[in-house]
Amino acid sequence: MAEIVLDKVSKRYPDGALAVSEADITIADGEFIILVGPSGCGKSTMLNMIAGLEDISAGELRIDGERVNEKAPKDRDIAMVFQSYALYPHMSVRENMAFPLRLAKVDDATVRRKVDEAARILDLTQHLDRKPANLSGGQRQRVAMGRAIVRNPKAFLMDEPLSNLDAKLRVQMRTSVSKLQKQLATTTVYVTHDQTEAMTLGDRVVVLRSGKVQQIGSPQFLYDNPANLFVAGFIGSPSMNFLPGTLGEGELMTALGPVTLSDRVRRLVEAAGAPREVIAGIRPEHFEDVALMDADHAARSGSTFTATVDVLESMGSDKYAYFTVEGETAASAELDELAADSGTADTGATPGSQLVTRLSVTSHAREGEPLDVWFDADKVQVFDPSTGRNLTYAG
Amino acid sequence: MAVIGGSTAGRKARWTFVDLLIVAYALIPVLWTVSLSFKTAASQTDRNFFPSEWTWQNYKDIFATNEFVRALVNSIGIALISTVIAVVLGMMAAYAIARLDFPGKRALVGVSLLIAMFPQVSLVSPLFEMERQLGLFDTWPGLILPYITFALPLAIYTLSAFFREIPWELEKAAKMDGATPAQAFRRVIAPLAAPGVFTTAILVFIFCWNDFLFAISLTSTERSRTVPAALSFFTGASQFEAPTGSISAAAVVITIPIIVFVLFFQRRIVAGLTSGAVKG
């Protein structure tokens, strides 16, 4: 159990590349924190620096108030679960889990007791004498976890531990990782590029982009109040819709027509000193089929537009309707990076030109037919296209 | 399905035939030698594949002479020492090549490849002169040194391929589990590299054991002459008799250590020992 503090920690490689830039993170004792970001954002480097597998170029790393920059991994009392599991293939499951204890010169009886205990928690008891090669992916993953928990370290570091599992197993393991962490109450740093894992697992989430911390907060806070375009686009699935817009007198002009901003949004935008040209962001669930709404309420609280449904996906609980928005697409460096990461840049679809809306399942929307759609004016977020800053940030 | 099944059976039969042909092609000369070693001197040229009269006389003869026994001791000693040194040096070099980035790494690999390709016969005369000047001629080190030189590239190549197979993350995991670098190497890397080390040892041993060129050129007496060279000095019982029987018997005898060596280590050369270390 420990508090981990990153104090202006930076990592610069010999070739000059800056992998992590002045990261300031305080991880409380027993907290489950997620480092998330697209590939190459420096999240694994940050984890390796906490582990001691990579040197810290500048700044200070403190565990329980003690500077550990110069300490070897074995002296930091931290356990790590690797993406590839890194099980020792020549040892049985029992030997794998006992390895850290044997190195620590723990007596045989205690080793046995602790390994049996960990195996019971992870449901590995009947596999203790098998070799890793004879285990399924999920079992190997659990052995890797077992090796980490067996010696009660100060903290767990997990480097995308679930990314090699198939989708169904991943969801199962996600819940068990979460339960295990609550049960052990050990400080955990978890790296992932999957925003669903980030949203569901962590007490707090750290969003990283090219080595810089973008925002730290609880998953819900990040979802509701993204600090900038990058966080807004990264957190949430399907992701937020972005449209170029022009601010007028209490009004926002977008390709969806003029929107009268709510008082709350207007005050925030004015206080932030917004430029005229902005990017508007609206989450898919803030749209609704007008036919299902009270006309009076719809007119008061939002704005309505009519468009042809391109594709309709019925998920059972909701319907996702996709529209094509005419005119310019929202452009910014952050949105380009997100598109590159999610692969939409490769599919030929221009990012931003497609609007995703989540409608009630009772909607009568049909592919190829026009539909009247309403959206909530109070939920519109306004971003500065040049800096990416969220002008409606209420944090 | 039936069609595919039928063609599979046909293919199996064809492959079996081809395999048998190749095995026969490779084994007939060996069996012939074995047969000759059991024939009496009079029946050497009777044109029968199997000896009409079996005898151990050829084996008794070669072990009765100091010439062969001494050569056998030289062969075993020189080959074992060369193998141990070449494998240990090769392990260090290969580990560095597989794991570290250092200046001149490509040059090192290139030069060792160059040594492997260098025609050994062109080095025989200069080596002969050098070893005579240095007093290494007709000594064990006089053979061990060139053997190590030519075995090292082989060792480095084979071993670095094996080291590359071992996932880097296992070392990191060992570090996280509290191991010092030495403990990580001894308890994680070395057990996993063992099959590679044994394979390399076998290849290097066979190379040293079988060498004739250096053995004949860099030795002059029984002091350091190895079996392949000693064989060429065998003489018949009289000058009118070819030493075919004793040469065959000696050839059979020196094949035995190789077979023992391979059989002994074969169980340890389990391919895919690292499977299960990573991924699902």
Side-chain angles (χ1 to χ4, degrees), chain A residues 14 48 50-54 72-93 95-106 130-141 143-144 147-148 150-151 153 156-157 159 162-166 169-170, chain B residues 91 95-96 98-106 159 161-201 265-280:
Chain A
N48 283 337
I50 300 175
L53 295 170
E54 284 196 55
K74 71 183 183 69
D75 301 321
R76 296 190 187 189
D77 194 19
I78 285 176
M80 187 156 170
V81 177
F82 291 85
Q83 183 178 8
S84 65
Y85 316 145
L87 302 180
Y88 310 122
H90 56 298
M91 299 182 193
S92 67
V93 170
E95 289 164 336
N96 259 287
M97 301 209 313
F99 189 67
L101 297 174
R102 297 244 178 260
L103 289 172
K105 304 250 188 310
V106 175
R130 295 167 75 186
K131 289 274 171 71
N134 305 323
L135 299 177
S136 71
Q139 288 163 345
R140 286 180 201 179
Q141 210 283 328
V143 177
R147 200 171 56 185
V150 78
R151 66 187 162 112
F156 295 137
L157 306 180
D159 190 0
L162 306 182
S163 63
N164 280 328
L165 302 175
D166 59 59
L169 201 54
R170 189 153 54 216
Chain B
M91 256 171 93
Y95 190 73
R99 285 280 189 262
L100 305 175
D101 249 329
F102 54 90
K105 176 165 144 178
R106 289 173 66 89
L159 283 168
F162 271 93
F163 280 130
R164 257 189 286 259
E165 290 272 303
I166 299 175
W168 199 194
E169 286 204 327
L170 288 181
E171 249 182 277
K172 288 192 195 167
K175 269 194 203 168
M176 292 308 298
D177 284 343
T180 60
Q183 279 174 322
F185 187 82
R186 196 166 50 83
R187 302 184 62 162
V188 175
I189 303 304
L192 294 177
V197 173
F198 290 124
T199 310
T200 313
F265 285 123
Q266 199 189 29
R267 286 194 305 161
R268 317 213 55 163
I269 312 172
V270 189
L273 192 74
T274 56
S275 75
V278 296
K279 300 243 165 101

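It should be emphasised that the depicted structure is a prediction, and the values quoted were computed from it without experimental measurement. By convention in this document, chain letters (A, B, ...) are assigned in the order of the sequence lines, proteins followed by strands, and residues within each chain are numbered from 1.
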Could you tell me whether the side chain of A:L53 reaches within less than 4.5 Å of the side chain of B:M176, counting heavy atoms only?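 Touching, per the 4.5 Å side-chain cut-off.
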
Could you pull out all donor-acceptor pairs under 3.5 Å where a side-chain atom in residues 181-192 of chain B meets a protein atom, sequence neighbours excluded?
| residue | atom | partner | partner atom | Å |
| --- | --- | --- | --- | --- |
| B:Q183 | OE1 | B:T180 | N | 3.0 |
| B:Q183 | OE1 | B:T180 | OG1 | 3.4 |

Which atoms form the tightest heavy-atom contact between A:R151 and B:D177, and what is the distance?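 The answer is NH2-CA, 4.2 Å.
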
Tell me the closest heavy-atom pair linking B:L170 and A:L87, and the distance in Å.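 Closest approach of B:L170 to A:L87, heavy atoms only: CD2-O, 3.1 Å.
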
Under 4.5 Å from any heavy atom of chain B - which part of A:A104: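 Neither the backbone nor the side chain of A:A104 comes within 4.5 Å of chain B.
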
Identify, with sequence neighbours excluded, every residue that meets side-chain hydrogen bond (donor to acceptor under 3.5 Å, both in side chains) alongside A:R102.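 A:R102: side-chain hydrogen bond (donor to acceptor under 3.5 Å, both in side chains) contacts with A:D108.
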
